[in-house]
Chemist: 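Encoded as structure tokens, here's the structure I'll be asking about.
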Amino acid sequence: MLSATALSCIRGERRLFSGLDLDVGPGEWLHVQGENGAGKTSLLRILASLSPPAEGEIRWRGEPIAHLAEDYRRELLFLGHHGAVKEELTPYENLILAARLDGSELDEVEALKALARFGLRGREDLAVRFLSAGQKRRVLLARLAVRKATLWILDEPFTALDVKAVEMLSGLIVEHVTQGGIAILTSHQAIPLPNGKIIMVGA
Amino acid sequence: MNATLAPILAIIRRDLLLAMRRKSEVLTALFFFIIVVSLFPLGIGPETALLRKIAPGVIWVAALLATMLGLARLFAPDHADGTLEQMVLSPSPLGLLITGKIAAHWITTGLPLVLLAPVLGIQFDLDGGALGIMVVALLLGTPLLSLIGAIGAALTLGLRGGGVLLSLLVLPLYVPALIFGAGAVEAHISGLGAGGHLSLLAALLALAVFFAPWATTAALRIAIE
Amino acid sequence: MSNRIVNWFKYASPQSFYPLAGKLIPWFWALAIVFTVAGLYITFFAAPTDFQQGEGYRIIFIHVPAAWMSMFIYIVMAGWAGLGLALNTRLSGMMAQALAPTGAIMAFLSLWTGAFWGKPMWGAWWVWDARLTSALILFFLYIGFIALQAAIDDPRRADKAGAILALVGVVNVPIIYFSVKWWNTLHQGASVSLTKAPTMAATMLWGMLIMALAFWMYSIAVALTRVRAIILEREAHTEWVKDLPEVQGAKQ
Amino acid sequence: MNWESPAAFFAMGGYGLYVWGSFGVCAVLMIVEPILASKRRKDILRSLRRERIAEQLDPQ
């Protein structure tokens with residue numbers, strides 16, 4: 001479903017990687033590995049169509065993503081280093097507004113259910129800036145749970161999560177993949193997920 | 001709901017909600033405007049005829065500066081927390097979302113200036129007709145300031161010394177708005193009629209509505225790459 | 001026809017433009033010097049004394065070409081910038097970057113000479129004349145362009161951001177010009193204009209045109225010199241730069 | 001010929017300061033700018049050459 005051929009990436013004057021091929025289908029997940037500064041984040045951003053590759057092409061369902069534009073973005077969920085969580089807003093508002101930004105309405109029950117699932121019950125109406133770092137990450141996970149997307153691209157999703165949250169996130173990813181979704185992620189720690197594809201980035 | 005309008009409204013509602021949560025930013029710009037305008041008579045002297053003459057220019061220059069104040073924070077918070085990436089990746093066209101952000105910026109910084117300007121005009125002894133023209137001119141001109149300013153804010157996003165650079169880029173582009181905006185009131189006072197000025201201001205606004213979100217979007221994509 | 005297009009694209013790469021520019025520079029310098037000498041001759045010896053403005057009017061022989069060039073270079077710069085955005089050619093951004101300082105100097109010269117003309121004619125170093133005011137704003141636009149590019153480390157981003165600014169600027173330059181002009185007529189500004197000298201004799205017109213050509217050739221020559229430096233800076237790590245004879249030669 | 005003597009030429013009918021002030025600054029800028037531009041190229045060439053020599057010294 002998502003395939004890339006001969007990708008290369010140049011940052012500043014440095015060539016991070018070149019001739020990179022990858023291919024992930026429904027029900028598969030891909031672990032992007034490599035040293036610090038090897039270009040893992042750059043690769044994910046290129047795959048998410050945030051920045052163009054220096055060379056090479058990415059296809060989604062056989063079509064170049066540059067042509068698909070919003071049809072690709074509708075099926076994509078990207079989670080970067082910063083989680084796009086607004087500190088001034090409550091977890092509930094964050095969920096509702098993020099959904100609206102994606103062009104969909106999220107109903108109240110669904111939002112509250114997702115927040116409860118990630119242990120944020122009782123924190124729904126507290127501004128995010130009063131939450132702990134781990135709780136902030138959980139708001140993100142709740143967004144993952146409510147967003148209907150086929151392709152997940154997650155950059156270091158396990159950072160700043162406690163043991164229980166790690167379990168929850170890996171549960172989410174497994175659920176997503178077994179339902180025919182695709183996940184591409186980076187992680188500097190061991191991932192408690194079975195049967196992943198692995199790709200190494202770097203010269 | 002209309003497919004074009006929905007994303008714009010969604011962003012406006014979100015940004016207004018955020019502005020409510022950090023009221024101090026909005027109020028700072030507003031009080032800056034009031035203070036700058038009130039300082040001029042202290043520097044120049046209380047002579048009514050002179051004050052009436054300089055009032056439109058003073059209020060417009062103060063409005064330019066007050067708009068500049070919030071401009072650096074137009075995209076910076078969204079850039080810092082990753083929301084801007086999500087906007088680029090949203091299925092809704094980025095241009096519409098950006099238009100929404102610019103509209104919200106105008107509602108939180110431009111509109112209060114328009115509403116407050118008559119009060120400040122009275123301080124400068126402007127009569128009712130002149131005040132009315134000034135409000136209309138500001139109503140047409142302040143969205144123009146937000147639209148042009150957004151281009152500068154996007155170009156300087158995440159750069160060192162961004163704030164100062166932003167003024168350097170944007171203030172020269174504000175010159176036509178200043179000339180026609182302040183000119184409208186002056187033309188009315190001198191009996192020439194403000195119609196010409198106001199229609200030119202409206203024409204500039206139409207041009208900017210069409211052109212500025214496009215340029216801003218292009219600049220944001222570059223900044224995010 | 002198609003051959004010609006291929007040729008153009010060949011020279012659009014920095015690698016082939018670098019030696020081409022090197023070959024062209026001396027010719028443009030030669031032309032610049034010839035036109036300058038001819039222009040200066042007309043300025044000081046062929047053109048008669050103006051009966052109204054005396055000898056002071058001779059300043060317009062450099063003021064008007066500088067003002068023309070400052071506007072013209074901005075348009076060319078925006079053209080290169082737009083080309084770079086549309087076709088994603090590396091050379092375009094470098095050309096725009098190379099032109100900006102020359103344009104800024106031209107804008108500065110038109111301000112400076114305008115002030116030196118204005119002092120004896122108007123009695124003040126600075127008059128809010130439409131032409132001077134818009135030259136001042138154009139100067140600010142150049143400074144903004146240069147400052148923006150200087151603030152961005154990644155050359156690709158600098159090129160693109162600069163391109164957008166230049167395009168926004170080029171849309172605004174005529175608007176600014178006409179708005180300032182309108183503002184000026186409303187406020188009953190100076191009645192003596194810099195360019196509409198009362199007696200626009202044929203020799204004066206010729207002198208101005210030849211001086212404009214001299215400025216033009218100068219601008220091309222200096223921009224090409226600068227673009228060669230920029231090409232080397234940007235492409236410093238490529239093989240073709242390392243193989244250049246001027247890099248290979250151990251001493252100057 | 002317009003000028004009776006070199007002194008008259010430099011006096012410019014009383015406008016000497018203004019005429020020479022304009023032409024002088026113009027000449028200075030137009031001499032300095034090309035020098036700076038070619039210096040910029042020479043600087044980068046010098047550093048490229050230095051880099052090259054350093055590479056040759058390096059056995060790798």
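Just so we're clear, the structure is a prediction, and the values are computed from it rather than from any experiment. In the text below, chain A, chain B and the rest are named by the order of the sequence lines, each starting its count at 1.
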Chemist: Looking at every heavy atom in both C:I152 and C:A161, which two are closest together, and how far apart are they?
Modeler: CD1-CB, 3.7 Å
Chemist: Report which part of B:I151 has an atom under 4.5 Å of a heavy atom belonging to chain C: side chain, backbone, both, or neither.
Modeler: side chain
Chemist: Run B:I133 and B:H197 through side chain to side chain contact (heavy atoms under 4.5 Å, CB included) and show every step you take.
Modeler: CA-CA 10 Å; B:I133 296 290; B:H197 286 86; over 6 Å; no
Chemist: Is it true that a side-chain atom of C:Y142 and a backbone atom of C:F108 form a donor plus acceptor pair closer than 3.5 Å?
Modeler: no
Chemist: Going by an N to O cut-off under 4.0 Å, is there a salt bridge joining C:K160 and C:D154?
Modeler: no
Chemist: Quick check on C:A158 against chain B: is it the side chain, the backbone, both or neither that has a heavy atom closer than 4.5 Å?
Modeler: neither
Chemist: For B:I179, which atoms come within 4.5 Å of any heavy atom of chain C: side chain, backbone, both, or neither?
Modeler: side chain
Chemist: At a 4.5 Å cut-off on heavy atoms, which part of B:L166 comes close to chain C: side chain, backbone, both, or neither?
Modeler: neither
Chemist: Quick one: what part of C:I143 sits under 4.5 Å from any heavy atom of chain B, side chain, backbone, both or neither?
Modeler: both
Chemist: Taking side chain as everything from C-beta outward and backbone as N, CA, C, O, which of these in B:L178 sits under 4.5 Å from a heavy atom of chain C? Side chain, backbone, both or neither.
Modeler: neither
Chemist: Using only atom types and a distance under 3.5 Å, with no angle test, would you say the side chain of B:H188 pairs donor to acceptor with the backbone of B:G193?
Modeler: no
Chemist: Given a strict heavy-atom distance threshold of 4.5 Å, which part of B:L173 is in contact with chain C: side chain, backbone, both, or neither?
Modeler: both
Chemist: Chain C heavy atoms under 4.5 Å from B:L171: which part of the residue, side chain, backbone, both or neither?
Modeler: neither
Chemist: If you count heavy-atom pairs within less than 4.5 Å of chain B, which of C:L165, C:L167, C:I176, C:L148 leads?
Modeler: C:L148
Chemist: Side chain, backbone, both or neither: which part of B:A223 has an atom under 4.5 Å from a heavy atom of chain C?
Modeler: both
Chemist: Around atom CH2 of C:W216, are there more than 12 heavy atoms from other residues, nucleotides or ligands closer than 6.0 Å?
Modeler: no
Chemist: Under a 4.5 Å heavy-atom cut-off, does chain B meet the side chain of C:V171, its backbone, both or neither?
Modeler: side chain
Chemist: Could you pull out the closest heavy-atom pair between B:S167 and B:M68, with the gap in Å?
Modeler: CA-CE, 3.4 Å
Chemist: Nearest 0.5 Å, what's the CD1-CD1 distance between B:I102 and B:I107?
Modeler: 12.0 Å
